[in-house]
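What follows is one structure encoded as structure tokens, with my remarks underneath.
Only a predicted model underlies this, so the values are computations on that prediction, with no experimental measurement involved.
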Amino acid sequence: MYKDTQTGATAAPLSISRLKKMKRDGEKIACLTAYDASFAVQADQAGVDLVLVGDSLGMVIQGHETTVPVTVDDIVYHTKMVARGLSRAFLVADMPFASYGSVEAAYSNAARLMQEGGARMVKLEGGPVQIGLAEYLAGRGIPVCAHLGLQPQFVHKLGGYKVQGREASAAEAMRDDAKRLVEAGADLLLLECVPSVLAKQIATEVSVPVIGIGAGPDADGQILVIYDILAISAGKRPKFSKDFLQSSGSIPAALQAYVRAVKERQFPEPIHEFV
């Protein structure tokens, strides 16, 4: 149970089974990335279904150029803070760069994120190389979100932040990776910066919820960085994001507008998609 920091009351958080039912029922899943208790409370009260403590904190909070410098200690710290602000939303924590190079390291670090941080699930970037790891963690009671498409931890290998899966061979490989990761035990998939058609195919072909960021309107849910939808991130806002604060007038109203736009299939719009 998470504690509501505003009222002191407790409420059962959303579960993996509930998120899967939302997919089956065609109910869109509204997700945000947040890093502290105050924004966690606001997101929770706005009706956000899932909150991710992303390693994007390295860029958004710490001011780094990439997510690579983020450590397990950083994620544990911020996950603790977010957990204190949540009552209903499902809490996921990123496994940062170099924290899952072996099954032993992955298990140890994932256990910290759950035991110390209060996460309900951990997220791993990577395709085929993570299939065995997803199976290992899932078999030991650690829920896994697999992350395909643009993977910020691989930015130096990829040569920059680029849309993934545009070529037919790359798209087919990503579809295969998605299926194999789910078969291995992943309970959630996140697709970042992929063509909308590809995201739709993957969401149709796998049984678990597919959450998109820059992946078009046909994913089972959408996720954005909370700082981006409030237009307070440093630098240029990503193409796939939208400023919800400008037309809403307050942070609570902006978060509610985002949730409503996702639920009512008004976001993302064509201008936020990749082809």
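Side-chain atoms of Ile61 and Asp74, non-hydrogen and from C-beta on, never get closer than 4.5 Å to each other. Counting heavy atoms from C-beta outward, Phe274 and Cys193 have side chains that approach closer than 4.5 Å. Residues Tyr107 and Ile142 have side chains in contact (heavy-atom distance under 4.5 Å, counting atoms from C-beta outward). For the pair Ser233/Met59, no side-chain contact is recorded, criterion being any heavy-atom separation below 4.5 Å from C-beta on. You'll find the side chain of Tyr258 stays beyond 4.5 Å of the side chain of Leu230, heavy atoms only. Proximity of Thr67 to Phe97: side-chain heavy atoms (C-beta onward) are nowhere separated by under 4.5 Å. Under the 4.5 Å side-chain criterion, counting only non-hydrogen atoms from C-beta, Pro195 is in contact with Val163. At least one side-chain heavy atom of Met114 sits less than 4.5 Å from a side-chain heavy atom of Pro143.
Atom-to-atom distance recorded for Glu135:CD and Leu181:CG is 11.0 Å, nearest 0.5 angstrom. In this structure, Asp220 CG and Glu27 CD are separated by 11.5 Å, a value rounded to the nearest 0.5 Å. Rounding to the nearest 0.5 Å places CD of Gln62 at 10.5 Å from OG of Ser56. To the nearest 0.5 angstrom, Ile232 atom CD1 is 12.0 Å from Arg237 atom CZ. Annotation: the span from Leu113 atom CG to Ser99 atom OG amounts to 7.5 Å, rounded to 0.5 Å. The line from OG of Ser87 to CD of Gln45 is 9.0 Å long, rounded to the nearest 0.5 Å.
By the rule that hydrophobic residues join a cluster once side-chain heavy atoms approach within less than 4.5 Å of another member, Leu245 and Ile226 end up as members of one cluster. By the rule that hydrophobic residues join a cluster once side-chain heavy atoms approach within less than 4.5 Å of another member, Val60 and Leu224 end up as members of one cluster. Hydrophobic clustering (ILVMFWY, side-chain heavy atoms < 4.5 Å, transitive): Met22 and Val92 are in one cluster. Hydrophobic clustering (ILVMFWY, side-chain heavy atoms < 4.5 Å, transitive): Leu255 and Met81 are in distinct clusters. Placement of Val210 and Leu32 in two distinct hydrophobic clusters is found when ILVMFWY residues are connected by side-chain heavy-atom separations under 4.5 Å, directly or transitively.
Ion pairing of Glu183 with Arg180 is absent here, as no side-chain N (NZ or NE/NH1/NH2) approaches a carboxylate O to less than 4.0 Å.
Shown here is Glu269, whose CD atom has more than 12 heavy atoms of other residues, nucleotides or ligands within 6.0 Å. The local environment of CZ in Phe154 is crowded, with over 12 non-hydrogen atoms from other residues, nucleotides or ligands closer than 6.0 Å. No more than 12 heavy atoms of other residues, nucleotides or ligands shown are found within 6.0 angstrom of NZ on Lys21. Under a cut-off of 6.0 angstrom, the local environment of CZ in Phe39 is crowded, with over 12 non-hydrogen atoms contributed by other residues, nucleotides or ligands. Other residues, nucleotides and ligands contribute at most 12 non-hydrogen atoms within 6.0 Å of the CD atom of Gln115.
No donor-acceptor pair under 3.5 Å is formed between the side chain of Gln164 and the backbone N or O of Leu150. Listed for the His147 side chain is no donor-acceptor partner under 3.5 Å among the backbone atoms of Leu190. The main-chain N or O of Tyr136 is found under 3.5 Å from a side-chain atom of Arg140 such that the two form a donor-acceptor pair. Between the side chain of Glu205 and the backbone N or O of Ala203, no donor-acceptor pair lies under 3.5 Å. Not a single donor-acceptor pair under 3.5 Å links the side chain of Lys28 to the backbone N or O of Val259. Ser241 places no side-chain N or O within 3.5 Å of a backbone atom of Pro238 that could act as its donor or acceptor partner. Under the 3.5 Å distance criterion, the side-chain polar atoms of Lys20 are left unmatched by any main-chain donor or acceptor of Pro209. A donor-acceptor pair under 3.5 Å links the side-chain atoms of Thr204 to the main chain of Lys200, judged by distance alone. Remark: side-chain polar atoms of Asp55 are not paired, donor with acceptor, to backbone N or O of Val70 under 3.5 angstrom.
A side chain to side chain contact (heavy atoms under 4.5 Å, CB included) with Phe90 is found for exactly one of Leu19, Ile29, Leu188, namely Leu19.
The two residues Pro217 and Gln222 make their nearest non-hydrogen contact at CA-NE2, 4.0 Å. Contact between Val208 and Asp187 at its shortest, heavy atoms only, is CB-O, 3.4 Å. Between Arg166 and Val275, the shortest heavy-atom distance links the atoms NE-O, 2.7 Å. Closest of all the heavy-atom pairs between Cys145 and Met121 is CB-SD, 3.6 Å. Shown here for Thr79 and Ala93, the closest heavy-atom pair between the two residues is OG1-CB, 3.6 Å. The shortest non-hydrogen separation linking Asp177 to Gly127 is OD2-CA, 4.1 Å.
With a 6.0 Å cutoff to the six-membered ring centre and a 45° limit on the axis angle, Lys242 counts as a cation-pi contact of Phe244.
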Extract all donor-acceptor atom pairs below 3.5 Å that involve side chains of residues 46-54 and protein atoms in other chains or at least two apart in sequence.
residue, atom, partner, partner atom, Å
Asp49, OD1, Arg88, NH1, 3.2
Asp49, OD1, Arg88, NH2, 2.9
Asp49, OD2, Ala30, N, 2.9
Asp49, OD2, Lys263, NZ, 2.6

Assess the residue pair Leu198 and Arg175 against the criterion (side-chain contact (heavy atoms from CB on, under 4.5 Å)); give the C-alpha distance rounded to whole Å, side-chain angles, the decisive distance to 0.1 Å, and a yes or no. CA-CA 8 Å; Leu198 176 57; Arg175 290 171 63 189; 3.6 Å; yes
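Side chain to side chain, Asp94 and Gln153 fail the donor-acceptor criterion of an N or O pair below 3.5 Å. Between the side chains of Tyr227 and Thr33, no donor-acceptor pair is found at a separation under 3.5 Å.
The aromatic rings of Phe267 and His272 are tilted relative to each other, their planes meeting at an angle between 30° and 60°.
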